[in-house]
Amino acid sequence: MFVPKHFFFDLDNTLTRSKSLILPEHEDTLVRLSGIADVVVVSGSSEKNIWGRLTDNSRGTYYSLTQNGNRAFGRDRDLLWERLLELAQKEAVARFVARARAHTPTIVPDENDLLEDRGCQMAFSFIGQHADIELKEKFDPDFAKRRMVLEDLRDEVAHLDEEHNLEVTIGGTTNLDFYLKGMHKGHNAREMMRRMDWNPAESIYIGDALFPGGNDETVVGVMPTRAVKNYHETYEYLESLLKSDML
């Protein structure tokens, strides 16, 4: 049985329900895991979002690769690195978002809650970053709508790449994430292992979007991976490891 020493986790739908506080029993599992293995949270979310959803009960037990790893923090929340976007790149994202909205017209609760500038990443939600969770989970549960947008707007995606050095991937339940080309989860997870001198063969990445086009896909080939459908599957797996005494 493969027993990792270094665990990398996606956040939305992998450690918690989207945009939701971690359940107390799940946080307890993470804390127990961190006592015998390294725990890294890798998310398109900002550090404020991650730290707000994992409570003070687990503070100091995990590393944070925020904004798909483009702003990284140690367990004590010391900044390890960051890669900020330039104004021209942010403006290019805004133009792409206008095309994406025209492609998939959607009724939204708040027009001012769609595009979020996180510094190292822009995040566009088709219905709103803080829309009701029930609405968000119903919008694109199989990621098909967002895959279609990226396929139909492939020329615009190529323009972001070639002219603005930007990459776009599917993120969370309703998002498209925009960040520097090549500076994705896979690259930044590899950078973390290099800096910490961790063996990739002794690491694992757990996420719900390891499929082609998903924002976890770039980790495939960087280290062993485990796909989960939701956060319930994540903790079933972790509890099975902890109870087996294999760790």
Side-chain angles (χ1 to χ4, degrees), residues 1-16 26 29-45 47 50 54 58 60-83 120-121 165 167-172 177 179-231 233-247:
M1 182 179 182
F2 173 52
V3 183
K5 293 182 179 180
H6 320 290
F7 287 77
F8 291 72
F9 296 96
D10 174 46
L11 182 62
D12 280 327
N13 303 317
T14 299
L15 287 180
T16 74
H26 292 165
T29 297
L30 278 186
V31 171
R32 286 190 287 133
L33 178 66
S34 71
I36 48 182
D38 295 303
V39 173
V40 186
V41 180
V42 190
S43 174
S45 299
E47 60 274 15
I50 295 172
L54 301 177
S58 59
T61 67
Y62 59 90
Y63 299 87
S64 308
L65 294 186
T66 78
Q67 301 183 56
N68 285 300
N70 287 304
R71 183 176 285 145
F73 297 86
R75 284 183 295 193
D76 293 328
R77 299 186 178 179
D78 49 311
L79 182 65
L80 302 179
W81 69 78
E82 68 175 357
R83 305 184 183 95
C120 301
Q121 174 180 301
N165 197 38
E167 188 168 336
V168 53
T169 54
I170 293 169
D177 292 339
Y179 45 84
L180 291 174
K181 180 180 177 181
M183 300 294 108
H184 42 57
K185 285 187 175 183
H187 173 91
N188 290 313
R190 183 183 288 112
E191 175 65 12
M192 174 62 83
M193 290 186 292
R194 186 191 67 78
R195 288 193 179 212
M196 303 304 296
D197 197 26
W198 294 343
N199 184 348
E202 296 177 335
S203 306
I204 191 169
Y205 184 93
I206 300 170
D208 71 317
L210 287 159
F211 54 81
N215 74 342
D216 297 322
E217 179 197 10
T218 57
V219 184
V220 176
V222 173
M223 70 181 86
T225 60
R226 185 180 182 93
V228 293
K229 293 180 181 178
N230 53 49
Y231 59 99
E233 283 194 2
T234 299
Y235 294 102
E236 289 171 2
Y237 167 60
L238 295 181
E239 286 293 345
S240 69
L241 287 179
L242 290 166
K243 289 176 181 178
S244 72
D245 294 325
M246 294 294 291
L247 286 168

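Position 1 is the first residue of the sequence, and the numbers go up from there. Because the structure is predicted, anything quoted here is derived from the model rather than measured.
Gly186 and Thr218 get closest at one heavy-atom pair: N-OG1, 3.0 Å. The two atoms that bring Gly171 and Asp177 nearest to each other are CA-OD2, 3.7 Å, heavy atoms only. Closest of all the heavy-atom pairs between Cys120 and Tyr179 is O-CB, 3.9 Å. Closest of all the heavy-atom pairs between Ser203 and Met193 is OG-SD, 3.5 Å. Scanning both residues, His187 and His184, for their nearest heavy atoms gives N-ND1, 3.1 Å. Contact record, Val31 with Ser34: O-OG, 2.7 Å, taken as the closest heavy-atom pair.
Outside the 6.0 Å centre-distance limit, the rings of Trp198 and Phe7 are not counted as a close aromatic pair.
Between Asp38 and Tyr63, the side chains place no donor N or O within less than 3.5 Å of an acceptor N or O (distance only, hydrogens not considered). Using a 3.5 Å distance cut-off with no hydrogens or angles, the side chains of Thr29 and Glu239 do pair a donor with an acceptor. Under the 3.5 Å distance criterion, with hydrogens and angles disregarded, a donor-acceptor pair is assigned to the side chains of Arg83 and Asn188. Between Glu82 and Asn70, the side chains place no donor N or O within less than 3.5 Å of an acceptor N or O (distance only, hydrogens not considered).
Proximity of a side-chain donor or acceptor of Asp76 to a complementary backbone N or O of Asp78 within less than 3.5 Å is not detected. Between the Glu47 side chain and the Thr66 main chain, no donor and acceptor come within less than 3.5 Å of each other. Glu167 places a side-chain N or O within 3.5 Å of a backbone atom of Gly182 that can act as its donor or acceptor partner. In this structure, the side chain of Glu233 engages the main chain of Lys229 through a donor-acceptor pair within 3.5 Å. A side-chain donor-acceptor contact under 3.5 Å links Trp81 to the backbone of Gly69.
Taking CG of Leu242 as the reference point, atom CD1 of Ile36 lies at 5.0 Å (rounded to 0.5 Å). Atoms CZ and OG, on Arg71 and Ser64 in that order, are 12.0 Å from each other to the nearest 0.5 Å. Interatomic distance, CD of Gln121 versus OG of Ser43, reported as 8.0 Å (0.5 Å rounding).
Considering Val41, Val228, Asn230 as possible partners of Thr14, the one that fulfils the side chain to side chain contact (heavy atoms under 4.5 Å, CB included) test is Val228. Each of Ile206, Asp208, Asn13 was scored for a side chain to side chain contact (heavy atoms under 4.5 Å, CB included) with Thr234, with one residue passing: Ile206. Tested against Leu15 for a side chain to side chain contact (heavy atoms under 4.5 Å, CB included), the candidates Tyr231, Tyr235, Tyr62 yield a single pass: Tyr235.
Looking at Met183 and Asn68, their side chains never come closer than 4.5 Å, going by heavy atoms from C-beta outward. Side-chain contact between Phe211 and Glu217 is absent, with no heavy atoms from C-beta onward closer than 4.5 Å. No side-chain heavy atom of Val219 sits less than 4.5 Å from a side-chain heavy atom of Val42. Residues Asn215 and Ile170 are not in side-chain contact: their nearest non-hydrogen atoms beyond the backbone lie 4.5 Å or more apart. With contacts defined as side-chain heavy-atom distances shorter than 4.5 Å, the pair Leu80/Met192 qualifies. Contact of the Ile50 side chain with the Leu11 side chain is registered, since non-hydrogen atoms from C-beta on lie closer than 4.5 Å. Contact of the Leu210 side chain with the Val220 side chain is registered, since non-hydrogen atoms from C-beta on lie closer than 4.5 Å. Taking 4.5 Å as the limit, every side-chain heavy atom of Leu65 sits out of range of all side-chain heavy atoms of Phe9.
Cation-pi check for Arg226 over Tyr205 is not met; the charged atom does not lie both under 6.0 angstrom from the ring centroid and within 45 degrees of its normal.
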| Under the side-chain contact (heavy atoms from CB on, under 4.5 Å) criterion, do His26 and Thr16 qualify, and how do the steps go? | CA-CA 8 Å; His26 292 165; Thr16 74; over 6 Å; no
